[in-house]
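Notes for the one structure printed next.
Order of the sequence lines fixes the chain letters, A, B, ..., with proteins taken first and strands second; residue numbering starts at 1 for each chain. Every heavy atom of this structure was used, including side-chain atoms; hydrogens, water molecules and symmetry mates were not. None of the values given here were measured: they were computed from a predicted structure.
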Amino acid sequence: MTGNAPPAPADAMKDIVALCKRRGFVFPASEIYGGINGFWDFGPLGVELKNNLRDLWWKHMVTTPPVGPDGAPVQIVGIDSAIIQNPKAWVASGHVGGFSDPMVDCRETKFRYRQDHLIVLKADAHNWIAFHQEASTDDIDRKLKKLGLPVRKTEYERVPLTQVPVSEYSNITGPDAKTKGTLTEPKQFNLMFDSHAGPIKDDANKVYLRPETAQGIFLNFKNVLDSTRVRVPFGIAQIGKAFRNEVTPRNFIFRSREFEQMEMEWFCHGDDAKKWRDFWFSERTKFWQSIGLKSDNLRVRDHDKDELSHYAKEGLGTADIEYRFPFTAPDFGELEGIAHRCDFDLTQHQEHSKQKLEYMDPDDNTKRYIPHVIEPAAGLTRGVLALICEAYTPDPNRPSGVFLDFHPSVAPKKAAILPLMSKGEHPEIATKLYMKVREHYNIDLDVKQNIGKRYARQDEIGTPFCFTIDDQTSADHTVTVRHRNTMKQDRIHLDSVIEYMRTNMNTATGRS
RNA sequence: GCGGGUGUAGCUCAGGGGUAGAGCGAUACCUUGCCAAGGUAUAGGUCGAGGGUUCGAAUCCCUUCACCCGCUCCA
């Protein structure tokens with residue numbers, strides 16, 4: 001509203017959160033009870049935005065999947081599995097054993113470390129020094145010197161902290177500490193929520209809320225093969241809630257404890273994994289660009305070796321599609337990971353379940369193998385956040401001071417019908433038009449208040465088009481189209497509104 | 001989990017032991033009719049929650065919750 005410059009990125013996040021609440025995109029969960037850390041509710045506009053993204057993903061994956069490298073459309077089917085599965089599934093997947101990271105705290109420095117990241121160097125019987133496993137020899141020398149110990153590191157015994165009994169922690173000086181014995185005993189941080197199936201609360205009926213939707217797909221691999229006519233290579237897609245008991249939920253809906261994933265497991269022969277990984281990496285990048293993440297805030301990146309997950313150690317690794325969120329800038333945050341999971345999951349489930357999960361080549365019955373998996377796994381919740389951040393556009397030259405530059409395909413409201421006056425025949429014509437257009441598109445009808453306030457409101461929720469009925473409408477059956485981004489207007493015939501929206505829906509930004 | 005900050009009307013914020021405030025917004029009506037215009041009126045708050053001190057607490061003290069920033073962490 002004033003002539004101020006656009007807010008700095010860090011401030012932008014504050015404004016975005018406020019806008020999301022004010023206009024009904026995202027509310028803090030159970031807010032009237034003081035909220036609950038790590039949980040968020042989607043409001044009337046947020047759910048439309050999220051559903052749009054969800055439906056577009058499903059369309060790109062399942063309904064109209066892309067054309068593969070060989071020129072034929074690829075084959076992907078969908079499922080919707082239960083959030084709670086037999087707990088053995090999570091033992092097999094590695095989540096019960098591995099989805100927890102024992103942590104040690106330093107009482108002196110208040111730093112916290114992953115126990116399995118620390119190495120202990122035994123300088124003598126009672127002077128042990130802990131280091132991060134990646135500490136350079138220079139770092140180690142400097143630390144030894146500072147503590148007055150001889151610098152002879154190659155001669156010292158090196159032991160992972162995980163192998164040091166807690167009773168001997170009193171000998172250890174922490175990585176950033178000056179005094180001995182400040183490391184606490186390791187604490188378990190299991191990231192899986194658990195519950196109990198049935199009324200009795202004991203270990204026998206302990207169950208877990210899924211920390212990823214992927215496992216539900218692997219558990220149904222055989223069912224899908226047996227009930228459909230898919231042949232390798234093919235994909236199984238799923239969208240749904242997942243739960244992680246994050247130590248520190250942060251950054252609005254970026255890392256919450258309950259979130260939504262869009263995952264597709266692509267089953268192929270191990271020899272073809274590289275080809276498909278590249279294919280999906282490229283397809284998934286195009287997808288995000290096609291729905292509006294076009295700026296250089298979107299980037300693609302191959303994982304470093306040390307980031308590889310437990311299932312990808314032997315494979316081609318993971319490539320990330322990342323977005324530069326205001327709170328990560330100038331860094332990027334993960335939006336989607338395209339992982340080569342090898343045959344890890346199916347092999348694990350075959351071993352644990354004792355069920356044959358091999359694929360038999362239909363052209364050659366002697367060929368049996370466990371397919372490899374390429375997994376494009378995207379965060380639906382994070383996608384929504386990226387769309388909002390990308391759309392957020394401060395503009396001091398308009399009454400709202402800001403507008404959301406959504407691509408029309410994701411905009412929660414595609415258009416608003418606005419009678420210029422709340423009296424006379426404008427509202428009647430507007431209502432008629434609204435009833436007609438709403439059969440095709442999600443739109444608003446707004447009658448109250450002066451036209452400027454109504455345009456401002458639509459700007460703030462990112463509605464691409466406003467159709468306004470004025471006195472000329474009753475004379476010659478035309479309405480004005482007001483474009484969100486430019487605030488410019490055209491006049492079109494009343495009967496061509498739907499056609500106009502159809503032709504402009506996929507391309508229109510109003511910038512031209 | 002640690003350190004710092006914040007919490008008063010839908011939003012932005014002022015107040016700082018003695019009847020709860022402003023601007024914007026919302027609602028109704030009037031006026032106007034293409035970019036948050038003007039007028040009149042109305043509604044809306046147990047000052048984040050709980051406890052304590054006090055004749056009296058939004059204000060002082062303690063506890064707690066949530067959010068933000070920084071650490072830490074994140075398949």
Side-chain angles (χ1 to χ4, degrees), chain A residues 1 10-11 13-15 17-19 21-24 28-40 93-95 98-115 117 176 184 187 189 191-192 211-212 214-215 242 244-252 254-257 261 263 303 307-313 317-318 320 327 333-334 337 339 341 344-345 375 377 397-403 418-424 426 448-460 466-472 479-482 484 486-489 491:
Chain A
M1 207 170 297
D11 296 344
M13 206 53 221
K14 224 175 174 179
D15 291 348
V17 174
L19 173 63
K21 192 186 162 195
R22 179 157 36 99
R23 290 301 182 195
S30 28
E31 195 184 11
I32 61 170
Y33 287 104
I36 175 166
N37 201 358
F39 298 88
W40 300 87
S93 71
H95 287 87
F99 206 64
S100 65
D101 303 310
M103 314 279 288
V104 295
D105 289 329
C106 176
R107 291 190 197 92
E108 179 190 326
T109 62
K110 309 297 183 195
F111 284 162
R112 170 174 292 166
Y113 312 93
R114 264 176 71 162
Q115 185 193 20
H117 280 178
D176 300 284
T184 63
K187 291 174 202 160
F189 284 80
L191 296 184
M192 274 200 295
E212 63 174 22
Q215 296 304 324
R244 291 182 193 174
N245 211 345
E246 297 286 356
V247 178
T248 311
R250 269 293 163 87
N251 294 326
F252 198 31
F254 181 78
R255 182 183 300 132
S256 43
R257 290 183 167 140
Q261 291 185 308
E263 296 195 290
H303 265 201
E307 297 177 82
L308 294 185
S309 24
H310 67 279
Y311 50 73
K313 287 259 181 342
T318 297
D320 276 345
F327 49 81
E334 184 183 339
R341 296 181 77 123
F344 176 88
D345 300 277
E375 175 198 74
N397 296 317
R398 67 176 66 208
S400 57
V402 66
F403 67 103
L418 310 174
L420 189 57
M421 286 182 278
S422 60
K423 298 226 172 107
H426 296 179
K448 302 275 179 174
Q449 295 187 320
N450 74 58
I451 194 71
K453 289 189 186 182
R454 285 179 280 164
Y455 285 148
R457 186 177 300 126
Q458 296 301 333
D459 280 348
E460 268 202 331
C466 290
F467 298 101
T468 302
I469 284 85
D470 57 16
D471 282 336
Q472 200 182 327
V479 294
T480 60
V481 192
R482 185 262 195 186
R484 174 192 63 204
T486 59
M487 301 193 282
K488 291 205 174 104
Q489 293 181 341
R491 191 161 270 278

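For the pair K14(A) NZ and U12(B) P, the interatomic distance rounds to 9 Å; values are reported in whole Å. I36(A) has its CD1 atom 8 Å from the P atom of A66(B), to the nearest Å. Counting to the nearest Å, the C1' atom of A28(B) and the CD atom of Q449(A) are 12 Å from each other. Per the geometry, CZ belonging to F327(A) stands 9 Å off P belonging to C69(B), to the nearest Å. Whole-Å rounding puts the I469(A) CD1 to G33(B) P distance at 18 Å. If you take CG of L418(A) and C1' of G33(B), they are 13 Å apart, rounded to a whole angstrom. Between the CG atom of D15(A) and the P atom of U12(B) there is a distance of 10 Å, rounded to whole Å. One atom, CZ of R457(A), and another, C1' of A36(B), lie 9 Å apart when rounded to the nearest Å.
Annotation: of the two residues near RNA chain B, R255(A) and A18(A), the 5′-most nearest-nucleotide partner is A18(A). Where D459(A) and F252(A) meet RNA chain B, the nucleotide closest to each residue was compared, and D459(A) sits on the side nearer the 5' end.
A26(B) and C11(B) have their P atoms separated by 14 Å, given to the nearest Å. Taking atom P in both A58(B) and G50(B), the straight-line distance is 11 Å, to the nearest Å. Between A37(B) and C24(B), the distance separating the two C1' atoms is 15 Å to the nearest Å. Taking atom P in both A36(B) and G3(B), the straight-line distance is 49 Å, to the nearest Å. A distance of about 12 Å separates the P atoms of A57(B) and A20(B), rounded to the whole Å. Here the separation of A41(B) from U6(B), taken at their C1' atoms, is 36 Å to the nearest Å. To the nearest whole angstrom, the two C1' atoms, one in C68(B) and one in C61(B), are 26 Å apart. For the C1' atom pair drawn from G21(B) and C55(B), the interatomic distance equals 26 Å after rounding to whole Å.
Inter-residue side-chain proximity for S30(A) and F39(A) is flagged as unmet; no heavy-atom pair is nearer than 4.5 Å. H95(A) is not listed as a side-chain neighbour of L191(A), based on a closest heavy-atom distance of 4.5 Å or more. Looking only at side-chain heavy atoms (C-beta outward), M13(A) and N251(A) stay at 4.5 Å or farther from each other. Looking at heavy atoms from C-beta onward, M487(A) lies out of side-chain contact with C466(A) at the 4.5 angstrom threshold. Annotation: side chain of I451(A) is in contact with side chain of T468(A) (closest heavy-atom distance under 4.5 Å).
Pair assignment for U19(B) gives none, since no Watson-Crick or G-U wobble pairing has each distance under 3.5 Å. Base pairing analysis places A36(B) opposite nothing; no Watson-Crick or G-U wobble pair with both distances below 3.5 Å involves it. Of the nucleotides present, U27(B) is the one that pairs with A41(B) by Watson-Crick or G-U wobble criteria, both distances under 3.5 Å. The pairing partner recorded for G70(B) is C2(B), the criterion being a Watson-Crick or G-U wobble arrangement whose two distances lie under 3.5 angstrom. Pair assignment for G7(B) gives C65(B), based on Watson-Crick or G-U wobble hydrogen-bonding distances that are each under 3.5 Å. Here C47(B) sits opposite no nucleotide as a Watson-Crick or G-U wobble pair (both hydrogen-bonding atom distances under 3.5 Å).
Minimum heavy-atom separation, Q449(A) to R457(A): OE1-NH2, 2.9 Å.
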Stepwise, does the salt bridge (Lys or Arg N to Asp or Glu O under 4.0 Å) test hold for R341(A) with E212(A)?
-> CA-CA 14 Å; R341(A) 296 181 77 123; E212(A) 63 174 22; 3.3 Å; yes
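For the OP1/OP2 pair of C34(B) and a distance below 4.0 Å, the side-chain nitrogens and oxygens of K453(A) include no atom meeting the criterion. Taking 4.0 angstrom as the limit, K21(A) places none of its side-chain polar atoms (N or O) nearer than this to OP1 or OP2 of G10(B).
If you check every strand for non-hydrogen atoms under 4.0 Å, R257(A) touches nothing. Across all strands, G24(A) comes closer than 4.0 Å to no nucleic acid atom at all (heavy-atom distances). As judged by a 4.0 angstrom heavy-atom cut-off over every strand, D471(A) is placed among residues making no nucleic acid contact. Residue F39(A) is out of contact with every strand shown, counting any heavy-atom pair closer than 4.0 Å.
Checking A36(B), U31(B), C34(B) against every side-chain atom of R491(A), the shortest atom distance belongs to C34(B). Ranking C34(B), C67(B), G33(B) by closeness to the D470(A) side chain, first place goes to C34(B). Of all nucleotides listed (C69(B), G33(B), C34(B)), C69(B) comes nearest to the side chain of N251(A).
If you check distances only, the side chain of N450(A) does reach the base of A37(B) with a donor-acceptor pair under 3.5 Å. Taking 3.5 Å as the limit, the base of C34(B) and the side chain of R482(A) contain no donor-acceptor pair of atoms between them. Between the base of G70(B) and the side chain of R250(A) there is a donor-acceptor pair shorter than 3.5 Å.
A cation-pi arrangement, defined by a distance under 6.0 Å to the six-membered ring centre and an angle within 45 degrees of its axis, is absent between R484(A) and F403(A).
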